[in-house]
Trainee: 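Let me give you the structure first, and then I'll get to my questions.
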Amino acid sequence: MGTEAVGTLAYDAPAAKVDRRRLIEQLGDAVRGLVAATCAAEAPPEELERAIAGTRQLAEGLRGFARPLGTASSSEDPLLPHLYPAGHGAGNPVAPPVHVEATEEGVRSRITLGRQYEGPRGRTHGGISALLLDEVLAYASTSAGRGGFTAYLNTSYHQAVPIQVPLEIRARIDAEDGRKTTVKGFIALESDPEVPLVSATALFVIPRADYEGNQK
Ligand SMILES: CCCCCCCC/C=C\CCCCCCCC(=O)SCCNC(=O)CCNC(=O)[C@H](O)C(C)(C)COP(=O)(O)OP(=O)(O)OC[C@H]1O[C@@H](n2cnc3c(N)ncnc32)[C@H](O)[C@@H]1OP(=O)(O)O
């Protein structure tokens, strides 16, 4: 079965922008690692104090370069994925590291979640599972040339989604009706990919051209 990364195109973006995007992705990854380590650390007080001081200093250094809210990042490119959305932005350390590939049926994402996404002990927080499904189902709609905003996302939690275990999320279009696209998908263990742990159905609606909330 052929696969192809969704959101990456055979396209030569300007070299300076490519370099900048790579650095932004590396920073996102480094801070994501810090967040995961923070949530797991049984460190002695002096180590915690050192981490507090160092982290505050780093944050202060970056804050000086903040772009105003509502303005585009200089890393943005109309043909490349955004780097900061909370659902998949590689430069956003809060975003789970979602990478989606096209399959014959729809799309698939393989992901292993870090400690920062834990809800009940050892299990993924239900809101994070919903975030992942919203994201991957939206990709299924977008990669079929439809897109749209999430009008509803109905999730069913069948079994616990473990932390630090490889997962597979699959989604496919169920129905198309004018501006509406219904998409179905589920999260499973990569080792047992046919058994849904959390399943979802979502409706994505392409807004009318004159829709006021259409800022995407
Ligand atoms: C070359 C490219 C390569 C590929 C690149 C890939 C890149 C990938 C990029 C990206 C992928 C990842 C991106 C992640 C994104 C995640 C998704 C989100 O989280 S979106 C944020 C959360 N959602 C909102 O903020 C919506 C808020 N709501 C709204 O804005 C509106 O309500 C909206 C747009 C959903 C509908 O507004 P209206 O004005 O169009 O509404 P009306 O005309 O009344 O409805 C249209 C139809 O939809 C039905 N409908 C609307 N809402 C419904 C609902 N809740 N339940 C059932 N039906 C509903 C209605 O009944 C109507 O159906 P009838 O035409 O009559 O058959």
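Please read all numbers here as calculations on a predicted model, not as lab measurements. Residue numbers run from 1 in the order of the sequence given. Computation of the quantities below employed the complete heavy-atom set of this structure, encompassing side-chain atoms and omitting hydrogens, waters and symmetry-equivalent molecules.
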Trainee: Search all heavy atoms of L137 against all heavy atoms of A200 and return the closest pair with its distance.
Mentor: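 Minimum heavy-atom contact is CD2-O, 3.9 Å.
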Trainee: What distance do E60 atom CD and T55 atom OG1 have between them, rounded to the nearest 0.5 Å?
Mentor: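 Spacing of CD (E60) from OG1 (T55) equals 13.0 Å.
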Trainee: Run the salt bridge (Lys or Arg N to Asp or Glu O under 4.0 Å) check on R22 and E25 step by step: do they pass?
Mentor: CA-CA 5 Å; R22 197 167 294 131; E25 288 176 8; over 6 Å; no
Trainee: Would you mind telling me which of K17, R20, R21 makes a salt bridge (charged side-chain N to carboxylate O under 4.0 Å, His left out) with D77?
Mentor: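 Single pass found, and it is K17.
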Trainee: How close do V94 and Y117 get, counting heavy atoms only, and between which atoms?
Mentor: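 Smallest interatomic distance, heavy atoms only, reads O-OH, 3.2 Å.
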Trainee: Can you confirm whether Q159 sits close enough to V195 that some side-chain heavy atom of one is under 4.5 Å from a side-chain heavy atom of the other?
Mentor: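 In contact.
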Trainee: So L132 and L113, side chain to side chain contact (heavy atoms under 4.5 Å, CB included) or not? Walk me through it.
Mentor: CA-CA 11 Å; L132 292 170; L113 294 170; 3.9 Å; yes
Trainee: Is it true that the side chains of R146 and T181 contain a donor and an acceptor less than 3.5 Å apart?
Mentor: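 There is such a pair (donor and acceptor under 3.5 Å, judged by atom type) between the side chains of R146 and T181.
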Trainee: One thing to verify: whether E194 and R170 come together as a salt bridge, which I'm taking to mean a side-chain N less than 4.0 angstrom from a carboxylate O.
Mentor: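 Yes, this pair counts.
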Trainee: Step by step, work out the side chain to side chain contact (heavy atoms under 4.5 Å, CB included) result for S109 and E101.
Mentor: CA-CA 6 Å; S109 178; E101 59 188 14; over 6 Å; no
Trainee: Between T150 and D134, does any side-chain donor sit less than 3.5 Å from a side-chain acceptor?
Mentor: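 Yes, because at least one side-chain N or O of T150 sits under 3.5 Å from a partner of the opposite role on D134.
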Trainee: Which heavy-atom pair separates K180 from V205 by the least distance, and what is that distance?
Mentor: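 For K180 and V205, the tightest heavy-atom pair comes out as CG-CG2, 4.3 Å.
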Trainee: I'd like to know if E168 and R110 make a salt bridge, using a cut-off of under 4.0 Å between side-chain N and carboxylate O.
Mentor: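 Salt bridge between E168 and R110, a charged N being under 4.0 Å from a carboxylate O: yes.
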Trainee: Where do P162 and A160 come nearest, in terms of heavy atoms and distance?
Mentor: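 Smallest heavy-atom distance, with atoms named: CD-O, 3.5 Å.
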Trainee: Which residue in the set D29, L23, I24 passes side chain to side chain contact (heavy atoms under 4.5 Å, CB included) when paired with Q26?
Mentor: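 Per the side chain to side chain contact (heavy atoms under 4.5 Å, CB included) rule, the option paired with Q26 is L23, out of D29, L23, I24.
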Trainee: When you group the ILVMFWY residues by side-chain heavy-atom contacts below 4.5 Å and let the links chain together, are I163 and Y157 in the same group?
Mentor: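 As far as the 4.5 Å side-chain criterion goes, I163 and Y157 are connected within one cluster.
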Trainee: Looking at every non-hydrogen atom in both residues, tell me the closest pair between G87 and A95 and how far apart they are.
Mentor: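 In this case the closest contact between G87 and A95 is C-CB, 4.2 Å.
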Trainee: How far apart are the C-alpha atoms of T112 and L167, what are their side-chain angles, what is the distance that settles it, and do they pass the side chain to side chain contact (heavy atoms under 4.5 Å, CB included) test?
Mentor: CA-CA 6 Å; T112 301; L167 304 170; over 6 Å; no
Trainee: Tell me the closest heavy-atom pair linking I173 and A140, and the distance in Å.
Mentor: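 For I173 versus A140, the nearest heavy atoms are CD1-O, 3.8 Å.
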Trainee: Apply the test side chain to side chain contact (heavy atoms under 4.5 Å, CB included) to residues L203 and Y152: give CA-CA distance (whole Å), side-chain angles for both, the deciding distance (0.1 Å), then the verdict.
Mentor: CA-CA 5 Å; L203 176 69; Y152 67 68; 3.5 Å; yes
Trainee: Checking Y139 against H88 for the ring pair (Phe, Tyr, Trp, His ring centres under 6.0 Å) test, could you report, in this order, the C-alpha distance in whole Å, the side-chain angles of both residues, the deciding distance, and whether it holds?
Mentor: CA-CA 10 Å; Y139 266 95; H88 67 267; 5.6 Å; yes
